[in-house]
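Convention: sequence-line order gives letters A, B, ...; per-chain numbering from 1. Hydrogens, waters and symmetry mates play no part in the numbers below; they use all other heavy atoms, side chains included. Fair warning: this is a prediction, and the values are worked out from it, not measured in the lab.
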There are 2 protein chains.
Amino acid sequence: MFSIGQLSKRTKVKVPTIRYYEETGLLDAPERTDGNQRRYDAAGLERLSFIKHARDLGFSIEAIAALIELQGHPDRSCQEATNIATAQLSDVRAKIKRLRALEKELVRISKGCDEDGVSEDCYVLASLSEHGLCEREH
Amino acid sequence: MFSIGQLSKRTKVKVPTIRYYEETGLLDAPERTDGNQRRYDAAGLERLSFIKHARDLGFSIEAIAALIELQGHPDRSCQEATNIATAQLSDVRAKIKRLRALEKELVRISKGCDEDGVSEDCYVLASLSEHGLCEREH
DNA sequence: TGTAGTGTCTCTAGTGACTAGAGGGTCAAG
DNA sequence: CTTGACCCTCTAGTCACTAGAGACACTACA
């Protein structure tokens, strides 16, 4: 049995975050000592590791709740779990796409003035003022 | 002079967001009609367009406040504005890098089971349970 | 058994950048 | 002068936590 602090160290999830997961129902409420402190078993550790891993991959709490729900239903697990993962993947890809557009624009903007010290019309500021200076939508 | 709704339409910034910008000091409080409604002039429109554009490029409110501050100081504008833009650029690049790692991992995970319908050990769920199945850190 | 020090408890409030809703007042056209 | 669209302030909610206060529990050592 682990205390919340030990669980925190093993999973690298902070103590208040663990309590937050419990509050939101992602994590089952564990047993308590006589003094009202939480004591976790191996199942709690496993569950929290799962959550941590999914969060690291950017899944929302909601998506994780759905995945956990599926763990209890092996009959319909695989396809639905894959769907959730695929949705997460397109989300990530959309974000990448958008960020790459921003990257290009920012490169263009910041190249404008940094070469010859002070110019009276700052290209960065001018670019932000006039959308017309942009090469594409963002 | 524009009402807040007209300003909203022109800039595509929602009305409550405009009020929020005013509240946080990003936007100057405009004149009011006798009936206490906001009336904006061209300067207000320009300022809000600037903010919108910078937000679209992912600058934080804090960074935008700094950029606005610089607009009043042309003597030290350029270098500092470029620094802010460059910081934003590295931020964007860091995010892209991380997302690309996630993308790879998600591709790997979701390829695991979607081919032959139902399998009793869902690879998606298994992958999330065991970090050891991952190819790299994320 | 006492005590010191670390860990844990609950509760409230704060983060960033908004968004939603209630309950009212104002403006402009017809 | 009424109708309907617009606007006002204020509070509370979003997501996924994070921070802090004030109190209580556990453990190791003397």
When all nucleic acid strands are considered with a 4.0 Å heavy-atom cut-off, which category describes [X]: base, sugar-phosphate, or nothing?
{"X": "T33(B)", "value": "sugar-phosphate"}
{"X": "R38(B)", "value": "sugar-phosphate"}
{"X": "Y21(A)", "value": "sugar-phosphate"}
{"X": "S3(B)", "value": "sugar-phosphate"}

Exercise. Is any side-chain heavy atom of S60(B) closer than 4.5 Å to a side-chain heavy atom of Q88(B)?
Worked result: no
Exercise. So do M1(A) and D41(A) actually touch side chain to side chain, heavy atoms under 4.5 Å?
Worked result: yes
May I ask you to evaluate whether [X] reaches the phosphate of [N], defined as a side-chain N or O under 4.0 Å from OP1 or OP2?
{"X": "R19(A)", "N": "dT10(C)", "value": "no"}
{"X": "K14(B)", "N": "dT19(C)", "value": "yes"}
{"X": "S60(B)", "N": "dG16(C)", "value": "no"}
{"X": "R55(A)", "N": "dC15(D)", "value": "no"}

Which of the following nucleotides, [options], is nearest to the side chain of [X]?
{"X": "I61(A)", "options": "dC17(D), dT10(C), dT19(C)", "value": "dC17(D)"}
{"X": "I4(B)", "options": "dT19(C), dC7(D), dT10(C)", "value": "dC7(D)"}
{"X": "Q37(A)", "options": "dC18(C), dC26(D), dC17(D)", "value": "dC26(D)"}

Exercise. Does R108(B) come within less than 4.0 Å of E105(B), counting only side-chain N to carboxylate O?
Worked result: yes
Problem set entry | Lys/Arg-Asp/Glu bridge criterion (N-O < 4.0 Å) met for R38(B), E31(B) | no
Rounded to whole angstrom units, what separation is found between the [atom1] atom of [X] and the [atom2] atom of [N]?
{"X": "L48(B)", "N": "dA17(C)", "atom1": "CG", "atom2": "C1'", "answer": "15 Å"}
{"X": "K12(A)", "N": "dT18(D)", "atom1": "NZ", "atom2": "C1'", "answer": "20 Å"}
{"X": "Y20(B)", "N": "dC10(D)", "atom1": "OH", "atom2": "P", "answer": "17 Å"}
{"X": "F2(A)", "N": "dC26(D)", "atom1": "CZ", "atom2": "P", "answer": "18 Å"}
{"X": "I18(B)", "N": "dC6(D)", "atom1": "CD1", "atom2": "C1'", "answer": "13 Å"}
{"X": "Q6(B)", "N": "dA28(C)", "atom1": "CD", "atom2": "C1'", "answer": "11 Å"}
{"X": "M1(B)", "N": "dC27(C)", "atom1": "CE", "atom2": "C1'", "answer": "15 Å"}
{"X": "I64(B)", "N": "dC18(C)", "atom1": "CD1", "atom2": "C1'", "answer": "13 Å"}

Exercise. Taking atom CG of D28(B) and atom OH of Y40(B), what is their separation to the nearest 0.5 Å?
Worked result: 10.0 Å
For this session: State the CD1-CD1 distance between I61(B) and I51(B), to the nearest 0.5 angstrom.
Result: 7.5 Å
Seminar exercise, completed: DNA chain D nearest-nucleotide lookup for E23(B) and K9(B): closer to the 5′ end is K9(B)
Problem set entry | 5' precedence on DNA chain D between N36(A) and F59(A) (nearest-nucleotide basis) | F59(A)
